[in-house]
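Hydrogens, waters and symmetry mates play no part in the numbers below; they use all other heavy atoms, side chains included. Lettering of chains follows the sequences in order, A, B, ..., and the numbering in each one begins at 1.
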There are 2 protein chains.
Amino acid sequence: MDRWRGTGMDATAQGELLLHRLARFANLSPQEVALVTSLAAKTEEFSAGTELVAEGQSLDTPRLLISGWACRFRMLPDGRRQIFEFILPGDVYGLCLRPQAIALTTAIALTPVCIADAAALGDAIINKSDEYPGLTAACHSTASLEEAYLLNQLMRVGRQTAYERTAHLILELHERLSIVGLADETTVAIPLTQEIMADALGLSVVHLNRTLQQLRRNQLIEFKSGQVRLLQPEQLAQLADFRPPRVSQITRAAA
Amino acid sequence: MDRWRGTGMDATAQGELLLHRLARFANLSPQEVALVTSLAAKTEEFSAGTELVAEGQSLDTPRLLISGWACRFRMLPDGRRQIFEFILPGDVYGLCLRPQAIALTTAIALTPVCIADAAALGDAIINKSDEYPGLTAACHSTASLEEAYLLNQLMRVGRQTAYERTAHLILELHERLSIVGLADETTVAIPLTQEIMADALGLSVVHLNRTLQQLRRNQLIEFKSGQVRLLQPEQLAQLADFRPPRVSQITRAAA
DNA sequence: CGTAAGCTTGACAATACTCAATCTCTGTGG
DNA sequence: CCACAGAGATTGAGTATTGTCAAGCTTACG
């Protein structure tokens with residue numbers, strides 16, 4: 001399966017994905033940059049399918065996803081599954097800004113993943129937010145973004161057609177991966193089986209397959225072996241009513 | 001329209017709905033109880049359809065919904081609407097535990113509403129959480145609960161049939177209103193038009209109407225002029241896979 | 001090569017939507 | 001007090017979308 005083909009980044013670069021994202025939301029001091037960079041020091045590997053968070057588990061061990069994809073989902077008794085959100089490289093999971101919270105959903109690895117302990121990050125923004133103002137603000141913005149993605153997901157699944165929602169999800173994944181430097185203007189690696197995408201989109205595999213074919217036939221995307229190329233990003237964005245979320249009033253001072 | 005018929009509570013009792021809910025999650029000191037109770041002092045009335053929060057607006061003016069129903073939603077350019085969540089009596093909206101956040105969605109009143117300024121509550125839990133530990137914990141639990149309801153909504157709309165999801169929503173509303181004392185074991189007032197329920201459930205009005213008829217025909221609910229009676233709550237819960245959310249590890253000490 | 005996972009296809013069925021009409025309230029004005 | 005208007009609920013008929021089942025195909029990989 002070359003679905004899981006790497007991005008060609010070395011380990012150091014991968015450890016800095018999170019930094020890319022956080023730096024969009026706030027100016028980080030050298031001390032803050034050092035903290036984030038140091039997270040990638042000790043990492044663990046897990047295979048696809050590994051349970052990363054169990055529903056009901058205490059949310060007190062924040063972790064940084066260095067590489068690979070994961071997701072949060074829930075299942076109905078008869079096996080129907082709804083994927084709530086994808087966890088992408090550079091995302092932190094298992095971190096809740098509310099103390100004593102417990103996980104509302106299970107999270108599993110969708111591909112082989114590499115994970116780092118982010119306890120230092122959680123400690124910094126929860127207990128020492130005065131020392132780490134930039135990190136704290138950036139993590140708060142990130143939390144808002146996650147909520148915005150959840151609302152997007154609800155909008156897709158509740159009110160958009162299969163065609164629209166498939167396009168919308170692809171655009172959202174492209175945007176999220178662009179932010180951490182894992183996608184260029186028109187190309188992005190999406191290492192998901194159609195079954196997984198279908199469970200995220202609330203569609204059957206067969207119907208998603210036909211919907212993807214329709215997008216290809218209409219010259220809107222190319223999609224093979226996990227690589228997606230956006231052929232007409234503007235048309236896609238328009239048909240899917242895709243608009244990047246505005247999340248925080250804090251504007252980053254200077255570049 | 002007697003859809004909006006009141007609950008027969010007097011103003012004082014209505015002001016204490018929030019107290020009911022918060023007291024489930026933490027023991028509140030007399031000082032905390034006083035703060036919450038005092039919120040209902042000065043209130044404002046708005047008619048159905050009034051915009052309560054605008055998308056993009058700064059989330060710095062928390063408000064307590066004393067009576068009436070509201071919702072958060074988003075629309076597609078062609079008019080399709082998805083309701084994300086309902087705001088019920090005793091709910092606080094416009095309060096975000098993250099500083100500087102902006103509203104991700106618009107909120108409007110669905111019925112005539114009565115609203116109180118909850119700035120004192122926001123101030124207490126954000127700036128003076130040391131003095132108000134019970135309130136702070138309870139509000140954090142409430143925030144988790146709201147996320148749980150959002151995930152329920154996504155599960156309904158993404159993977160449940162019209163029949164299941166309609167039953168599930170009714171059960172969830174019954175549970176939420178029970179918590180604030182606005183529903184008894186089997187009866188609850190749901191002052192929503194079928195159009196509004198349809199927009200929450202991701203269904204067309206016509207299909208929702210037929211689905212409700214099916215639930216009635218199967219002797220599971222009665223539903224007329226805004227009053228719902230659960231005839232067989234256990235069967236409903238089973239067919240809808242309804243399970244009350246577990247949200248926090250903090251257990252309230254004693255009753 | 002053989003296997004297994006994932007993708008694709010065809011045929012058919014079920015679910016859900018649209019359109020248009022009718023019915024039922026409830027409040028309003030004469 | 002009644003006719004009327006308007007919002008909301010209901011119904012029927014026809015259509016579109018999406019799901020199910022079952023089979024074949026492709027690809028990666030041992």
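At whole-Å resolution of the value, CZ in A/Arg80 and C1' in C/dT15 are 13 Å apart. For the pair B/Gln160 CD and C/dT15 P, the interatomic distance rounds to 15 Å; values are reported in whole Å. Across the protein-nucleic acid pair, A/Glu195 atom CD and C/dT8 atom C1' stand 15 Å apart, rounded to whole Å. One can place CD of B/Gln227 at 16 Å from P of C/dC25, the figure rounded to the nearest angstrom. In this structure, the CD atom of B/Glu164 is 14 Å from the C1' atom of D/dG19, given to the nearest Å. If you measure from atom CG of B/Leu201 to atom P of C/dA16, you get 11 Å, rounded to the nearest angstrom. One interatomic measurement links the two molecules: CG of A/Leu110 to P of C/dA5, which rounds to 17 Å at whole-angstrom precision. Between the P atom of C/dA16 and the CZ atom of A/Arg159 lies a distance of 13 Å, rounded to the nearest Å.
In B/Gln235, the CD atom is crowded: over 12 heavy atoms of neighbouring residues, nucleotides or ligands sit closer than 6.0 Å. In the displayed structure, A/Gln238 atom CD is contacted under 6.0 Å by at most 12 heavy atoms of other residues, nucleotides or ligands.
Between B/Asp91 and B/Arg176, at least one side-chain nitrogen of the basic residue sits less than 4.0 Å from a carboxylate oxygen of the acidic one, meeting the salt-bridge criterion. Taking a cutoff of 4.0 Å between a charged side-chain nitrogen and a carboxylate oxygen, B/Glu164 and B/Arg159 do not qualify as a salt bridge.
In this structure the side chain of B/Leu39 never reaches within 4.5 angstrom of the side chain of B/Asp117, judged on heavy atoms. Residues A/Leu104 and A/Phe84 are not in side-chain contact: their nearest non-hydrogen atoms beyond the backbone lie 4.5 Å or more apart.
Less than 4.0 Å separates DNA chain D from at least one heavy atom of each of the following residues of residues 203-223 of chain A: A/Leu203, A/Ser204, A/Val206, A/His207, A/Arg210.
Cation-pi check for A/Arg72 over A/Tyr93 is not met; the charged atom does not lie both under 6.0 angstrom from the ring centroid and within 45 degrees of its normal.
Nucleic acid contact for B/Gly202: sugar-phosphate only, since backbone atoms but no base atoms lie under 4.0 Å from a heavy atom of the residue.
Checking side-chain atoms of B/Thr111 against main-chain N and O of B/Trp69 turns up a donor-acceptor pair under 3.5 Å. A donor-acceptor pair under 3.5 Å is absent between the side-chain atoms of B/Gln82 and the main chain of B/Met75, judged by distance alone.
Where the helix from C/dC1-D/dG30 to C/dG30-D/dC1 starts and where it ends, the local axes point in directions that differ by 30°; five pairs per end, rounded to 10°.
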